[in-house]
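Since the structure comes first, as structure tokens, the remarks are kept for the end.
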Amino acid sequence: MENNLERRLSQRWKRDLPPPLWNTLSGLGRVGEKLGLRTFLVGGFVRDLLLRRENLDADIAVEGQGGAVRLAREFSRKGKTRIRVFPRFGTATLYLPDEYRIDLATTRKETYPHPAALPRVRPGSIAEDLSRRDFTINSLALCLSPSEFGKLIDPFGGGPDLKSRKLRILHPQSFQDDPTRIFRALRFEQRLGFRITPDNLRLIEKTLAEDIISRLSGTRLTAEIRHSLSLPAVVPLLSRMEKLGVLAGIHPSLKFDPELSRVMSRLQSGLKWFRDKNLTERFPGFEPWVANLAALTAGLENNDWESLRKRLGLSPRVSGKVDGGRRPGPEVLLRLEDRRTANHRVFRLLERIPPEAVLFLEAQSGKEPARKAARLFLSRLSFRKTEINGNDLKKLGIPPGPIYKEILGRLLDQRVDGEIRSRKQELEWVKKHYAGIRILP
Ligand code: CTP
């Protein structure tokens, strides 16, 4: 029975994986065994393989003397694969053609000096390596060594949990050891459509009641918030975070109420529109999670936002974008909501607001004219430019001075409104309105 399952697994697995990945994985198993090492696929890759979800980031655990670094070196010597090794951490990365990447790590055990601290790491067995992990479904290993090829190692019942779509930690202390697992559990629920078991939910509530999130460093907390706010299912995720007290654990004034839920649902359709239009390419540095952060924090008083910003250690870039969504007052929204507002006025209202914050403003309003105006701005108006510049004005005999800004500004407005469409028309307009201009001494 067991052997049958293993044979079926490895057949399916061969079928599901792209050939370069499959060849490298089986090759690693063979080379490892010759060196007396046991090689395993581990973590999310095994989970997704069993769920038949695509995942091209393979994680390999190597048990035995010299571990991952020794195996990676020997493998690349034979097959000339590009590698990077990190002997201090006992890890290595293989870079395959077509951007596939395989991360290797020596099997290890971890101890937590105190709750929420980064763990102390020492080499250990595969069983110890699996028992330091977060959830049963992530604590599975598939053996790659030829003598045990395809053998599934499942000490915590991850296989049955995958079938019944359950999320469970391995031991009651786990959320305290690493509170980022609370965030991970909630994300996995949404991403995989799984449920945290009722006793694990109680453990989360108990851990949160000990104010454990306050022990996480700003960097680690921000990384979790960034991942969470990047999920397409961010709305149900935030509502679960609110109910369980995760948001209050991040900052006591953070709330997710039905009104914000509506705004953020609209924001998700704005973000989808932005992606579908390929605007991410035209706005380099655009960060969808920051749009969600702007929405989530918009209701905070300035001093609360200030203390949250400091707690998270947000970069000036990120906080600047969030501020961009906080600053525009109701008058900006009113103007955007008025369909009579000319394009150049829309342009001037939004030109200094980061695109993430523009999408948030659109969602905040929820009115059709504001949506149209914001999307017109993001997809077309914001790219309009004048073709002539100060040099051209000089050539026309206009003496340099603040008037240049005025002329080019008026030209840009007309370009935005579509009244002027070429360099020739720009020059004609300047000649008509400004030729012969002399600045009084
Ligand atoms: N892990 C853990 N505790 C954490 C983070 C990670 O135990 N706080 C372990 C889990 O076994 C996880 C593996 O490290 O499967 C790899 O972590 P990561 O790449 O972050 O997650 P994946 O499970 O691979 O999920 P995905 O990449 O799909 O988000």
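Numbering of ligands and ligand atoms starts at 1, following listing order.
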Given salt bridge (charged side-chain N to carboxylate O under 4.0 Å, His left out), test R266 with E362 step by step and report yes or no. CA-CA 8 Å; R266 290 197 289 264; E362 169 205 313; over 6 Å; no
Which of R184, R187, R181 passes side-chain hydrogen bond (donor to acceptor under 3.5 Å, both in side chains) with E224? Answer is R187
Any sub-3.5 Å donor-acceptor pair from R52's side-chain atoms to L49's backbone N or O? no
Any chance you could measure M264, atom CE, to F360, atom CZ, to the nearest 0.5 Å? 9.0 Å
Identity and separation of the nearest protein heavy atom to atom 7 (O) of ligand 1: D134 N, 2.7 Å
Select the closest option to atom 3 (N) of ligand 1 among R181, R220, R53, judged by heavy-atom distance. R181
Which ligand 1 atoms does T180 reach within 4.0 Å, using its non-hydrogen atoms? 8 (N)
Check this for me - ligand 1, G44, N or O atoms closer than 3.5 angstrom, yes or no? yes
Of R133, E224, R132, H227, which has the heavy atom at the shortest distance from atom 13 (C) of ligand 1? R133
For D178, the ligand 1 atoms whose distance to one of its heavy atoms is below 4.0 Å: 4 (C), 8 (N)
Element-labelled atoms of ligand 1 that are located less than 4.0 Å from some non-hydrogen atom of G43: 15 (O)
With respect to D59, determine whether any N or O atom, backbone or side chain, lies less than 3.5 Å from an N or O atom of ligand 1. no
Any side-chain heavy-atom pair of R84 and L94 under 4.5 Å: no
Are any side-chain N or O atoms of S365 and backbone N or O atoms of K367, one a donor and one an acceptor, separated by less than 3.5 Å? yes
Taking the six-membered ring for Trp, are the ring centroids of F286 and F274 within less than 6.0 Å of each other? yes
Check: of R191, R47, E110, R184, min heavy-atom distance to atom 12 (C) of ligand 1 comes from R184
Residue N138 vicinity, atoms of ligand 1 by number, heavy atom under 4.0 Å: 10 (C), 11 (O), 15 (O), 23 (O)
I'd like to check atom 27 (O) of ligand 1 in this structure: does the protein have a heavy atom lying under 4.0 Å from it? no
Looking at T136 and I169, what are the two nearest heavy atoms and their distance? CG2-O, 4.3 Å
Any protein heavy atom < 4.0 Å from atom 19 (O) of ligand 1: no
